[in-house]
Amino acid sequence: MLNFEIALAFQELADLLEFKGEDFFKIRAYRRAARVIACLDEPVGQLFANKKLLQVPGIGKNIASKIEELLTTGKMNKLEEMRKKFHPGLIEIMNLPGIGPKRAGILFKHLQVASLNELDRAARSEHIRKLPGLGAKTEQEIIRNIQMLQKNTGRYLLGPAKTLAAELCDLLAGFPGVKKIEVTGGVRRWQETVSSINLVAETGNPEALCLFLASHPRAKEVQICSKYRVKISTWWGIDIELLTAQEKDYWAALLWSTGNTAHCQKLASLARMKGYELSARGLADAQGRIVTLSSEDDLYSHLDLPFIPPELREDKGEIEYCLETGKLPDLVDQKDIKGDLHVHSNWSDGVSSIEQIADQAIGLGYSYVAITDHSASLKIAGGLSAEKLLEQREYIRELNKKYENFQVLHGIEADILSGGSLDCPEDILNKMDIVIASVHTGFRQDRAAMTGRIISAVTNKNVDAVGHLTGRLIGTRRGYEVDAEKIFQAAKTHGTCMEINSSPDRLDLNEDYSRLAKRHGLKMVINTDAHDLRRMREIPFGVAVARRAWLCPADILNTADLGDLLNTLKSKKNNR
DNA sequence: GCCGTTTTCGGCCCGACTGTTTTCAGTCG
């Protein structure tokens, strides 16, 4: 059983217990376990076999025994019991913004509503406004939120899709006859959400491999199963498509399967103009002979094009640009990132100590990391008071004595309060190495108010960057409305950066806003906003957004060496 | 539920915002 599935089981159990009204801390313990398991590097089965489960933080005797039950029987009794007690549709409803366990209970009790479709119908026929504690506004909000979810139906977040794709790749790579296998499609192009996981494998035994995938225990329905291609829908909710190839046509298959369709078709047209025929089955010359290729790069060369990175293959002008200039811009790369400038420690709501974060940063090859804990008003996150911040500053100053060629920077993620002021005294902000300003409350302000609020922060001389500009959570929470043009103009005037938040459920700025920010001449900073060590490894997601927006190292603040970075930050403060 | 310790049980996530009320319940960050 995959870690991913075990984590989902605990997540579902927590959701059901929440509906039941179970003790808050017990629910939180299950949620924590789900998160921890999803983040493990080692298969849970292996930890269990080596009797190391209890060493994992957040897993105690009770949860360990439930894991054992899952691993040995494939089921968890407690979860099965809860499933019998409560309608599965209730979780779907509870996951809607604004609907928690209480409201889901009211809706079920009075209207027998137990699915999003039923809820939508009830809302549209104005039944919800008649229920106790609910009204017309809530009813309209429900309709809007269901629309948002429906827009994302069949879409899967890139983060979990990548994890699942990697686990599948490992599984298939071990099948007899498989020589090469690679993840392709939207996952390889780093689309923020994908509808399927695509794979290409070079194998001497394609039919057997296709049958192997088609008979996967999590396969729900086999949509296509031919001698060289298989497509299944799965109980995970995502489709999986595998294309097989021989040595001679592997690179063309890889290209074709990576897509997108428009990019490939444009390449096929270009190939025809040069006397070739390009398809998933290879690049054929005028006589119909398959051209031997050594790489995807080689394939592009035959079309007189430079290698186009997968992130750019969206038919957004990349082919035309190459034809015109013969090359692509020098896009920012993960190796260009010299440090993470937005990380939370256990001084606020992060789980790791500052020292652990520094060690992780060094392990990632960084020259610096900024500790940016929450500001005081964010009580739930244990936001830091001015006194605490000064204490933290001293702590970091001491800690830095032990490092050579590496520095921990002292920063803060200051809340932009409803009126636009910052949740931290200016004299404290002024002492910080870096100040990220973000919105965490008052999400429902209208576009003008929210824009004005953020512009107030952008024009504050102590603010270096705006964190997660729109506050969206992909697929679950619409971002607040902002006039990005106005904010970017103000940011340009005041030399403030925009963050590309790398968290796969945020990716905020998204690629469109990143492109727009570049057009305004802004610098961006690619951060993880990590609350634990593992999530500090999510920088590639932010880098991918930047690449899809055609950003170069010079567009990104944290590609600078430590000295240059400190000079930039200081000179900004002095110049204002 | 887990964790840490005081080793047997108490602490762990509080407060703003919204929409509904007409003083507050529910949700969320």
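Basis for what follows: all heavy atoms, side chains included, without hydrogens, waters or symmetry-related copies. In the text below, chain A, chain B and the rest are named by the order of the sequence lines, each starting its count at 1.
Taking the P atom of each, B:dT23 and B:dC28 are spaced 26 Å apart, rounded to whole Å. For the P atom pair drawn from B:dG15 and B:dT20, the interatomic distance equals 26 Å after rounding to whole Å. Between B:dT5 and B:dG1, the distance separating the two P atoms is 23 Å to the nearest Å. Taking atom P on both B:dG10 and B:dA16, the two are 30 Å apart, rounded to the nearest angstrom. Nucleotides B:dC13 and B:dG29 have their C1' atoms positioned 11 Å apart, rounded to a whole Å. Between B:dC9 and B:dC14, the two C1' atoms lie 24 Å apart (nearest whole Å). A distance of about 16 Å separates the P atoms of B:dT6 and B:dC12, rounded to the whole Å.
In this structure, CD1 of A:Ile59 is placed 9 Å from P of B:dC3, rounded to the nearest angstrom. Nucleotide B:dG19 holds its P atom 12 Å from the CD1 atom of A:Ile142, rounded to whole Å. The interatomic distance linking A:Lys61 (NZ) with B:dG1 (C1') rounds to 14 Å, in whole Å. Atom-to-atom, CZ of A:Arg477 to P of B:dT27 comes out at 17 Å; the value is rounded to the nearest Å. Between the P atom of B:dG29 and the CZ atom of A:Arg478 lies a distance of 12 Å, rounded to the nearest Å. Atom CD1 in A:Ile37 sits about 14 Å away from atom P in B:dG1, given to the nearest Å. Distance A:Asp446 CG to B:dC17 P: 15 Å, rounded to the nearest Å. At whole-Å resolution of the value, CZ in A:Arg103 and P in B:dC28 are 8 Å apart.
The A:Lys379 side chain lies nearest to B:dC14 when the options are B:dC2, B:dG19, B:dC14. Distance from the side chain of A:Phe443 is smallest for B:dG29 among the nucleotides B:dT18, B:dG29, B:dC2.
Here the closest heavy-atom approach between residue A:Leu507 and residue A:Ser502 is recorded as CD2-O, 3.7 Å. A:Thr528 approaches A:Asn501 most closely through the heavy-atom pair O-OD1, 4.0 Å.
OP1 and OP2 of B:dT20 both lie 4.0 Å or more from every side-chain N or O belonging to A:Arg129. Contact between the side-chain N/O atoms of A:Lys78 and the OP1/OP2 oxygens of B:dG1 is found at a separation under 4.0 Å. Applying the 4.0 Å criterion to OP1 and OP2 of B:dT18, one finds that A:Thr138 has every side-chain N and O outside that range. At the phosphate of B:dC17, OP1 or OP2 sits under 4.0 Å from a side-chain N or O atom of A:Ser418. Contact check, A:Lys26 against B:dG1: a side-chain N or O comes under 4.0 Å of OP1 or OP2.
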Please list, one pair per line, the donor and acceptor atoms closer than 3.5 Å that link side chains of residues 32-42 of chain A to other protein atoms, with sequence neighbours excluded.
unit_1  : atom_1 : unit_2   : atom_2 : d
A:Asp41 : OD1    : A:Arg534 : NH1    : 2.6
A:Asp41 : OD2    : A:Arg537 : NH2    : 3.2
A:Glu42 : OE2    : A:Gln46  : NE2    : 3.2

Produce a footprint string for nucleotides 6-12 of chain B: one letter per nucleotide, 5' end first; B if the base is under 4.0 Å from any protein heavy atom, S if only the sugar-phosphate is, - if neither. ------B

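Between A:Asp529 and A:Ser503, the side chains place no donor N or O within less than 3.5 Å of an acceptor N or O (distance only, hydrogens not considered).
The aromatic ring centroids of A:Trp236 and A:Tyr156 lie 6.0 Å or more from each other. Taking the six-membered ring for Trp and the full ring otherwise, A:His374 and A:His440 have centroids separated by under 6.0 Å.
Among the protein residues, A:Pro97 comes within range of the sugar-phosphate backbone only, with heavy atoms under 4.0 Å from sugar or phosphate atoms but none that close to a base. Among the heavy atoms of the strands lying under 4.0 Å from A:Ala136 are primed sugar atoms or P, OP1, OP2 only; no base atom is included.
Across the strands present, B:dT8 finds no partner; the criterion is a Watson-Crick or G-U wobble pair with both atom distances under 3.5 angstrom.
A:Glu81 has no carboxylate O lying under 4.0 Å from a charged side-chain N of A:Lys78, or vice versa, which leaves the two without a salt bridge.
Ring pair A:His344/A:His531 is parallel by interplanar angle, where below 30° counts as parallel and above 60° as perpendicular.
In terms of position on DNA chain B, the residue among A:Leu473 and A:Lys66 whose nearest nucleotide sits closer to the 5' end is A:Lys66. In terms of position along DNA chain B, the nucleotide closest to A:Leu131 lies nearer the 5' end than the nucleotide closest to the other residue of the pair A:Ile99 and A:Leu131.
Heavy-atom neighbours of A:Lys402 NZ from other residues, nucleotides or ligands within 6.0 Å: above the threshold of 12.
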